[in-house]
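Only heavy atoms go into these numbers, but all of them, side chains included; no hydrogens, no water, no symmetry mates. From a predicted model like this one, the values you see are computed outputs, not experimental measurements.
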Amino acid sequence: MKRILTLFSILSFAACAPKGTTTELTIGTYGGHLYRYSFDSQTLEFTLKGAAEARNASYALTYGDNIFAVSEAGAGSGAYSFRETEGTGIEMTADLRQTGADPCFLMVRKDRNGSDYMMTADYSGGSV
């Protein structure tokens, strides 16, 4: 069922992309990897740009030059940060285990002083 929903989500994205553009996609999975794809709306081709190990990276986002993902793994939950690299595609820059149980969403924002901060919403713990 998850594979069907993932395929449906990707095809929906493809149908909505402006013709003739290239879009970057970051895809987290309930598996062992996070994937980075490039989508060409003219040719409707997906090109794998890279993959990195990430346990149950169920939600991912790009913020500036960084890629962040949550690790939905019970007591071993946390968040990852990655960056794109030449050649290998993606490399992990941090593995943070300071979240509640099973984070399912994250956001990154700037505070009043211009510093970045990240927050997670945690499914099992019901915490932020």
Subject >> Option among T23, T26, T47, I27 that satisfies the side-chain contact (heavy atoms from CB on, under 4.5 Å) test with Y37 >> reply: I27
Subject >> Interatomic distance, N56 atom CG to H33 atom NE2 [nearest 0.5 angstrom] >> reply: 12.0 Å
Original post:
Ignoring hydrogens and geometry, is there a side-chain-to-backbone donor-acceptor pair from S71 to A79 under 3.5 Å?
Top reply: no
Original post:
What's the shortest heavy-atom distance between K49 and S38, and which atoms?
Top reply: CD-CB, 3.7 Å
Subject >> Same apolar cluster (I L V M F W Y, side chains within < 4.5 Å links), L25/L61 >> reply: no
Original post:
Looking only at heavy atoms, what is the nearest atom pair of Y59 and C104, with distance?
Top reply: CB-O, 3.6 Å
**OP:** State the CZ-CE distance between F105 and M119, to the nearest 0.5 angstrom.
**Re:** 9.5 Å
Original post:
Can you tell me how far CZ of R36 sits from OG1 of T62, rounded to the nearest 0.5 angstrom?
Top reply: 4.0 Å
Original post:
Are the side chains of L34 and Y80 in touch, meaning some heavy atoms are under 4.5 Å apart?
Top reply: no
Subject >> Same apolar cluster: M92 and I67, side chain cutoff 4.5 Å >> reply: yes
**OP:** Heavy atoms only: give me the nearest G100-S127 pair and the separation to one decimal.
**Re:** CA-OG, 4.1 Å
**OP:** Compare all side-chain heavy atoms of F82 with those of N66 and state whether any distance is below 4.5 angstrom.
**Re:** no
Subject >> Heavy-atom closest pair, residues Y35 and I90 >> reply: C-CD1, 4.2 Å
Subject >> Smallest separation among heavy atoms of L106 and A69, with atom names >> reply: CD2-C, 3.6 Å
Original post:
So do the side chains of Y30 and S58 get within less than 4.5 Å of each other, counting heavy atoms only?
Top reply: yes
**OP:** Give a yes or no on whether the backbone of Q42 and the side-chain of D40 come within a donor-acceptor separation of less than 3.5 Å.
**Re:** yes
Original post:
Which atom pair, heavy atoms only, marks the closest approach of T99 to P103?
Top reply: OG1-CG, 3.8 Å
**OP:** Any salt bridge (Lys or Arg N to Asp or Glu O under 4.0 Å) involving residues 116-128? Give me the pairs, sequence neighbours left out, ordered by first then second residue.
**Re:** K110-D116
Subject >> E91/R83 under side-chain contact (heavy atoms from CB on, under 4.5 Å): CA gap, chis, key distance, verdict >> reply: CA-CA 6 Å; E91 72 178 9; R83 66 182 168 140; 2.2 Å; yes
Subject >> Between CZ on residue R109 and CG on residue D111, distance to nearest 0.5 Å >> reply: 13.0 Å
Original post:
Side-chain contact, heavy-atom cut-off 4.5 Å: F39 with E45?
Top reply: no
Original post:
Looking only at atom types and distance, does a side-chain atom of S77 sit under 3.5 Å from a main-chain N or O of A73, one as donor and one as acceptor?
Top reply: yes
**OP:** Indicate whether any N or O donor in one side chain lies under 3.5 Å from an N or O acceptor in the other, for Y123 and E72.
**Re:** no
Original post:
Hey, quick one: are M107 and L96 part of the same hydrophobic cluster, counting side-chain heavy atoms closer than 4.5 Å, chains of contacts allowed?
Top reply: yes
Subject >> Pairwise distance OG1(T93) to CZ(F68) - rounded to 0.5 angstrom >> reply: 7.0 Å
